[in-house]
Each structure stands twice: as structure tokens, then as C-alpha cells.
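Below: the structure, in C-alpha cells.
For ligands, and for the atoms within them, numbers begin at 1 and follow the listed sequence. Computed from a predicted structure; not experimentally measured.
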Amino acid sequence: MADPIVNPDGVDSGKGYRGRLAPSPTGRLHLGHAKTFWTAQQRARERGGTLILRNDDLDVQRCKPEFVEGVFEDLKWFGFEWEEGPDCGGPFGPYNQGERRGFYLDVFAKLLDADAIYACRCSRKDVLRALSAPHEGEEEPVYPGACRDAGIEARDSMLPGMVGGRRPLQDADGARINWRFRVPDGETVVFEDGGFGARRFVAGEDFGDFVVWRNDDLPAYHLAVVTDDHAMRITEVVRGQDLLTSTARQLLVYRTLGWEAPAHFHCPLVTDETGQRLAKRHDSLSLKSLREGGADPFSLRS
Ligand code: GLU
């Protein structure tokens, strides 16, 4: 197969530079998020670009309205300003993932037509957590492929996007099914990362077939993020280093869809004194605690 088409420098002659902040409102933001987002904002500003705020609230169980409010509060305090977003609108909305289901169904149908995905009956841990980006320590094991060649037939009448139709979430016997993207085993996915340089990941070794649609009828993270970054005309994705492997997965989805992929710029993770990535448990480094403790956002930015 051909190499993925990648926009090399993040500035597209037609679209200019379009970057995004894509927080998931599953808790309060901490300094690690803020530093990565700050890089995203700086890169957009230096290129005279547009910054989009997208609310990645796919995971309905974990995303709470109070966290959405908190995200806005924290971002504004830190000094973020965006030109498009859930609060101010813009030409490529809606900017809440929870309102973008139609886009995801269209892409699901395209992947189905391209024969790039297959029905899977497994209900493993990776299926359960497929709604969220796999951050450090959350990478799933390579899927052993029990359902890959099983040829599980989904019921015909349930293609997505059909008016009044059901989703293909059951096999011919009525068992619930997820949908997985079939990765080209042995192929090396190579990309030039703006922050880390050339990166290589081998499909089937560094990552395996991944879930794109869950049997509870929710799109998975990889499908949603590719769909939205494309639809929102994002030219460069800036995010944490722990999503480098996810970039390799997502480049395969872009290629299957025949879409140009954005450039990628991954940022080093902010760690605590023991070398662990900052997470919700580091309450003292949440932006809320820092603000309440009287910190000056200016001094936290670099
Ligand atoms: N909302 C996702 C997260 O918080 C976005 C990841 C991405 O940039 O693709 O991890």
C-alpha cells in the first residue's frame, strides 16, 4: 500500500494553519495538559493560524458537565484564546463530540464499504476503554485476532446512516458486536513528527487491530478524532508524546479514507518527581489548585 499522505509542515496553502485544543472533560486539567496546549497555541499564533477548542466528550460515563465548566475556567485563567469552539461557534461545528454523531456514522459507513473493518465479538478491556485516547500506561495489547478471520456476518438491515435503520451491532445470531480496524500486519508506518523527528511503528507488532465502533453504539476515540480533525480542517495536531502510537493507527485510517493527514507535533510529557506522567491524582498540580494557591499563569507557561 502507498504511504499515508501527510501534510509535512502543518501549514496548508488553502487552509492556512489550523490547530486544536482537544481536552476530554473527565476531570480537571493539570499542568501537563496546559503545557501541551500552550505549545499548540504558540504554534498557531506563530503561524498566524486559527485555534479551535473541541470538547472531546465522547465518554458519556466519565465526562461530566462540571468538568466542562472547569475546563473553560482553567483554560481562560491560563491565557488560552480560541477562535472556534463550543462557546463561540464557528464554521465547522458543532464543537462538542457528543453532537457529532452523524459525522462518525458517515465515516463508519465508509470504512465498512472499504472492507477495512470487521465485526468482533470479543468484549475485552480495550473495547471497554476505546472511548478515550490511550495515554501512558494504557496501551492495549496487540489484538490476538480471534475474530479477525472468523467472517462474522453483521445483519444486513443495520447499516449506519439508514433512515430509521439500526446499527450493525449484532451478528446473524443476535450476539453483540464491536467493529475493529484491520491493520496491515508487518507494515512499518513512518512519519515525521514535528517534535520527535522520524517515528516508525510496525503494524501488528507495536499495535494491533483497534476498535472503531463499540457494541453499545458509540464511536471509539480513533474514529472520532480522525473524523473531527479532518472535518474541522485541522492542519497540525499538537498533543502529548504518549499518543505517538495512536498517530500511527490514525494515519492508517486517513489513508483508508483517502484523506490527507494533518502534520503532527508531539510534546514531551510533564512528569512528577518520580517520573510518572501527571494525572488526575496529582491534585496539587491541577490548574484549579495552582490558581487557588495564587500561582501566576505567566510563570507556568514555559
Ligand atoms: N481528547 C483526547 C485526550 O484528551 C484528545 C487526544 C488527541 O489529541 O487526539 O486525550
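Ring-plane geometry between His266 and His264 is classed as parallel, the angle between the planes falling under 30 degrees on a 0 to 90 degree scale with a further cut at 60. Note on ring orientation: taking the six-membered ring where Trp is involved, the planes of Tyr118 and Tyr143 are tilted (angle from 30° to 60°).
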Quick one: side chains of residues 65-75, donor-acceptor pairs under 3.5 Å with protein atoms, not counting sequence neighbours, listed by atom name and distance.
residue : atom : partner : partner atom : Å
Glu73   : OE2  : Arg291  : NH2          : 3.2
Asp74   : OD1  : Arg28   : NH2          : 2.8
Asp74   : OD1  : Arg291  : NH1          : 3.1
Asp74   : OD2  : Arg28   : NE           : 3.3

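Listed by chain and number, the residues in a ring pair (Phe, Tyr, Trp, His ring centres under 6.0 Å) with His135 amount to none (sequence neighbours excluded). Applying the salt bridge (Lys or Arg N to Asp or Glu O under 4.0 Å) criterion to Asp209, with sequence neighbours excluded, gives Arg148.
At a 4.0 Å heavy-atom cut-off, the residues surrounding ligand 1 are Arg20, Ala22, Ser24, Asp56, Ala133, His135, Tyr221, Val225, Arg239, Leu243, listed by chain and number.
Around the CD atom of Glu81, the shell of radius 6.0 Å holds no more than 12 heavy atoms that belong to other residues, nucleotides or ligands.
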